[in-house]
Amino acid sequence: MTKTISIIVPCYNEQESIPLFYAAVEKVAATLADHRIEYIFVNDGSADESLAEMRALQAQDPEHVHYISFSRNFSKEAALYAGLQAATGDYVSVMDVDLQDPPELLPEMIHGIEVEGYDCVGTRRTTRAGEPPVRSFFAKQFYKIINRISQTEIVDGARDYRLMTRQMVNAILEMSEYNRFSKGIFSWVGFDTKYLEYKNQDRVAGQTSWSFWGLFKYSLDGIVTFSETPLAIASFVGFFSFAIALLALIFIVIRALIFGDPTSGWPSLISVILMVGGLQLLCLGIVGKYIGKIYLEVKNRPVYIVKEKK
Ligand code: UDP
Ligand code: MG
């Protein structure tokens, strides 16, 4: 029986990559027996001709190509969610349009699910060649930190690129949260995942839409959405400084009783006040970060808004 593989392709200003991507996947699709491919391109508010490229592909291959176009740029996470909701396939894959996720791995992924019995076959880059060293360094630190403080395992170097069974996709769709962090969500739902390893590939066209600060913010969001440890650290810091202050107080009282109380220690007093004030603001900031997330979550806004769909 022919199985359908839905490929979700988030696109943000990717007019050059879209036709190249389609050609590359078609080449692989031609080698797949018993599997048909369903494309779901998601136009995430591109300002270039991406949507026109999608329309053209859809007109050319209406049976296999579908697209969803957002009313503005919502983020790759939103695009993935829209694609997962629209996918009808028995298996669902998530692939970047810039061909950094090699479609040639698809047959091996299918093998992993159908023959080896995995629920999901993901991919991991083993090198970060071609990336600025500073970015690689911070990426490494991020994985170290989040894996230490979150119960959900986030595999270092794991890409979003993966093939999943319908059962796993349905589990992911049950997670309708507004603050979406796919790396965490894929892992949180569980299921048996196998990772294929490959070397980092360069973009086929266009350029990355991630700035350093964009990634930095994204990693902080990842930590806040998948760990409560920063809150625990805030309370620990509070408790610790309280304990120190108590000891200091006892020391000062005893010293005053024994030696009298000549006025001194002005600078140290100011330092202590400033330090405690700083700590309070820091902890308040951490708490505020979580409140911000809660605020966005309870507003219950849609994750994305569709303008056009085919
Ligand atoms: N993307 C998106 N919305 C965005 C940013 C990116 O849909 O706001 C898409 C982009 O078109 C690409 C994928 O997400 O298909 C990965 O983006 P990019 O290649 O810029 O990231 P990198 O590979 O450098 O991590
Ligand atoms: Mg890319």
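Ligands are counted one by one from 1 in listed order, and the atoms in each one are counted from 1 as well. Numbering starts at 1 and runs along the sequence shown. Only heavy atoms go into these numbers, but all of them, side chains included; no hydrogens, no water, no symmetry mates.
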Colleague: Determine whether the side chains of Glu26 and His64 contain a donor N or O and an acceptor N or O closer than 3.5 Å.
Modeller: no

Colleague: If you draw the axis of the six-membered ring of Phe138, does the NZ or CZ of Arg135 fall within 45° of it and under 6.0 Å from the ring centre?
Modeller: no

Colleague: Could you tell me, atom by atom, which parts of ligand 1 come under 4.0 Å of a heavy atom of Glu14?
Modeller: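 Atoms satisfying the 4.0 Å criterion: 10 (C), 11 (O), 12 (C), 15 (O).
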
Colleague: When you look for heavy atoms under 4.0 Å from ligand 1, do you find them on the side chain of Lys76, its backbone, both, or neither?
Modeller: both

Colleague: Mark up the atoms of ligand 1 that fall under 4.0 Å of a heavy atom belonging to Asp44, in ascending order.
Modeller: 2 (C), 3 (N), 4 (C), 7 (O), 8 (O)

Colleague: Students often mix this up, so state it plainly: with edges at 30° and 60°, are the rings of Phe239 and Phe242 parallel, tilted or perpendicular?
Modeller: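 Phe239 and Phe242: tilted rings.
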
Colleague: Below 3.5 angstrom, do we get any N/O pair linking Ala79 and ligand 1?
Modeller: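 By distance alone, the answer is no.
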
Colleague: Among the N, O or S atoms that Asp98 has, which is closest to the Mg ion (ligand 2)?
Modeller: OD2

Colleague: Using 2.8 Å as a strict upper limit, say whether an N, O or S atom of Gln100 approaches the Mg ion (ligand 2) that closely.
Modeller: yes

Colleague: Within less than 4.0 angstrom of ligand 1, does Arg203 place any heavy atom?
Modeller: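 Flag set, Arg203 near ligand 1.
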
Colleague: Starting from atom 16 (C) of ligand 1, what is the nearest protein heavy atom, named by residue and atom, and what distance separates them?
Modeller: Asp96 OD2, 3.2 Å

Colleague: Around atom 21 (O) of ligand 1, find the nearest protein heavy atom and jot down its residue, atom name and distance.
Modeller: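 The answer is Trp210 CD1, 3.1 Å.
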
Colleague: Can you sort out which atoms of ligand 1 are near Gln100, meaning under 4.0 Å from one of its heavy atoms?
Modeller: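 Near Gln100, the atoms of ligand 1 are 19 (O), 22 (P), 23 (O).
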
Colleague: Counting both backbone and side chain atoms, is some N or O of Gln207 under 3.5 Å from an N or O of ligand 1?
Modeller: no

Colleague: Under 3.5 Å, is there a donor-acceptor pair between the Glu153 and Ser187 side chains?
Modeller: no

Colleague: Checking the N or O distance criterion of under 3.5 Å, is ligand 1 in contact with Asn73?
Modeller: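 N/O-N/O distance below 3.5 Å exists for this pair.
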
Colleague: For atom 24 (O) of ligand 1, what is the closest protein heavy atom, and at what distance to 0.1 Å?
Modeller: Thr208 OG1, 2.8 Å

Colleague: Under 3.5 Å, side chain of Asp61 to main-chain N/O of Leu57, donor-acceptor pair present?
Modeller: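 A pair under 3.5 Å: no.
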
Colleague: Decide yes or no on side chain to side chain contact (heavy atoms under 4.5 Å, CB included) for Val42 and Phe70, but give the supporting numbers first.
Modeller: CA-CA 8 Å; Val42 184; Phe70 288 174; 3.6 Å; yes

Colleague: Knowing that exactly one of Arg180, Lys293, Lys183 qualifies, which makes a salt bridge (charged side-chain N to carboxylate O under 4.0 Å, His left out) with Asp221?
Modeller: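 Exactly one pass, corresponding to Lys293.
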
Colleague: With a 6.0 Å cut-off on the ring centroids, do Trp210 and Tyr218 count as close?
Modeller: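 Centroid separation for Trp210 and Tyr218: below 6.0 Å.
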
Colleague: Given 3.5 Å as the limit, does a donor-acceptor pair link the side chain of Ser219 with the main chain of Phe142, or not?
Modeller: no

